[in-house]
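Here the structure is laid out as structure tokens; the discussion comes afterwards.
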Amino acid sequence: PWMAPATEAVWQGLRASAREGLPGLRFNPLVLVGSPGIGKSFWARRLAHHLSVPTCIIDATGEPASFSLIGSQRGWGSAHHGKLMNTVLNARHAGPLVVLDEVEKAGDVHSNRGARHTLTDALLPLLERMTAQTWECPFFQIKCDMSWVNWMMTANSRQGLPEPLQSRCVVLDLPDLTP
């Protein structure tokens, strides 16, 4: 019952997808904010299972830079495509569910030349359907329609969540568990 607001938000999006006759499922990007251990990540994984869509899970504390999500440009010795593109290509499915765990803890990574590479900066254009339709993969250098990707983020607190991220998502404050 403590996850009811999240279930309702997804349900409304799925109903709108069906009502509009869309060829896939869409719901607004969600940020589930609540105490550790209440089941936010578990709920997100179960949602992907019940929707029968591929899942891409990224732990923002372990992979704070944008590279894990979107990859890096060709020409660098460590160039690679990101987990998002990897999930889409391997599953041959344009609408995976991406789960970003503990997104409020994603830090800034700076290059030795001062360039900033943050997970949230890479995420912002992908959260808006219009810009996601023409997203360009830095590794393959081709435009891809990522507007069918659904986003689920978890956070233990709103502290550390950038305002631009919050403005593009439905942020749900979930209650603590009770006996």
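Under the 4.5 Å side-chain heavy-atom criterion for ILVMFWY residues, no single connected hydrophobic cluster contains both Met130 and Leu124. Both Met3 and Leu177 are members of a single hydrophobic cluster when ILVMFWY side chains are connected at heavy-atom separations under 4.5 Å. Linking Ile, Leu, Val, Met, Phe, Trp and Tyr whenever their side-chain heavy atoms come within less than 4.5 Å puts Val98 and Leu89 in one cluster.
Listed by first and then second residue, the salt bridge (charged side-chain N to carboxylate O under 4.0 Å, His left out) pairs that reach into residues 13-39 come to none, sequence neighbours excluded. Sorted by first and then second residue, the salt bridge (charged side-chain N to carboxylate O under 4.0 Å, His left out) pairs with a member in residues 160-171 read Glu128-Arg168; sequence neighbours excluded.
Inter-residue side-chain proximity for Val33 and Glu104 is flagged as unmet; no heavy-atom pair is nearer than 4.5 Å. Leu165 places a side-chain heavy atom less than 4.5 Å from the side chain of Met153. At a threshold of 4.5 Å between non-hydrogen side-chain atoms, the residues Leu25 and Leu51 count as touching.
The distance from atom OG1 of Thr131 to atom CG of Leu126, rounded to the nearest 0.5 Å, is 7.0 Å. A distance of 11.0 Å separates CZ of Phe139 from CG of Asn86, quoted to the nearest 0.5 Å. Annotation: the span from Ile57 atom CD1 to Lys83 atom NZ amounts to 9.0 Å, rounded to 0.5 Å. Note that SG of Cys56 is 7.5 Å distant from CG of Leu100, once rounded to the nearest 0.5 Å. Here the OG atom belonging to Ser147 is positioned 6.5 Å from the CZ atom belonging to Arg129, to the nearest 0.5 angstrom. Between atom CG of residue Leu84 and atom SG of residue Cys144 there is a gap of 8.5 Å, rounded to the nearest 0.5 Å.
Across every non-hydrogen atom of Ala6 and Leu32, the tightest pair is CB-CD2, 3.6 Å. Residue Gln141 comes nearest to Pro138 through the heavy atom pair CG-O, 3.4 Å, listed as atom of the first residue, atom of the second, then distance. Nearest heavy atoms, Thr87 versus Pro96: CG2-CB, 3.8 Å. Closest non-hydrogen pair, Ser17 versus Gly24, comes out as CB-O, 3.7 Å.
Applying the 4.5 Å side-chain rule to ILVMFWY residues, one finds Trp148 in the same cluster as Leu22.
Taking the side-chain contact (heavy atoms from CB on, under 4.5 Å) definition, one finds that Pro175 meets it with Trp2, sequence neighbours left out. With sequence neighbours left out, Asn28 forms a side-chain contact (heavy atoms from CB on, under 4.5 Å) with Val170. Partners of Glu102 by side-chain hydrogen bond (donor to acceptor under 3.5 Å, both in side chains), not counting sequence neighbours, listed by chain and number: Lys105. Taking Gln166 as the reference, Arg158 meet the side-chain hydrogen bond (donor to acceptor under 3.5 Å, both in side chains) condition, with sequence neighbours excluded. Contacts of Pro5 classified as side-chain contact (heavy atoms from CB on, under 4.5 Å), with partners at least two apart in sequence or in another chain: Leu172, Leu174. Listed by chain and number, the residues in a side-chain hydrogen bond (donor to acceptor under 3.5 Å, both in side chains) with Glu136 amount to none (sequence neighbours excluded).
In terms of modelled atom types and a separation under 3.5 Å, the side chain of Asn150 and the main chain of Phe27 share a donor-acceptor contact.
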>> Under the criterion side-chain contact (heavy atoms from CB on, under 4.5 Å), I'd like the reasoning laid out for Val103 against Trp151: C-alpha separation, chi angles, the key distance, then a yes or no.
In response: CA-CA 12 Å; Val103 71; Trp151 300 91; over 6 Å; no
Name each donor-acceptor pair under 3.5 Å that joins a side chain in residues 36-48 to protein atoms two or more places apart or in another chain, with its distance.
residue: Lys40; atom: NZ; partner: Gly34; partner atom: O; Å: 2.9
residue: Lys40; atom: NZ; partner: Ser35; partner atom: O; Å: 2.9
residue: Lys40; atom: NZ; partner: Asn156; partner atom: OD1; Å: 3.3
residue: Ser41; atom: OG; partner: Asp101; partner atom: OD1; Å: 2.4
residue: Ser41; atom: OG; partner: Asp101; partner atom: OD2; Å: 3.3
residue: Trp43; atom: NE1; partner: Thr7; partner atom: OG1; Å: 3.4
residue: Arg46; atom: NH2; partner: His50; partner atom: NE2; Å: 3.2

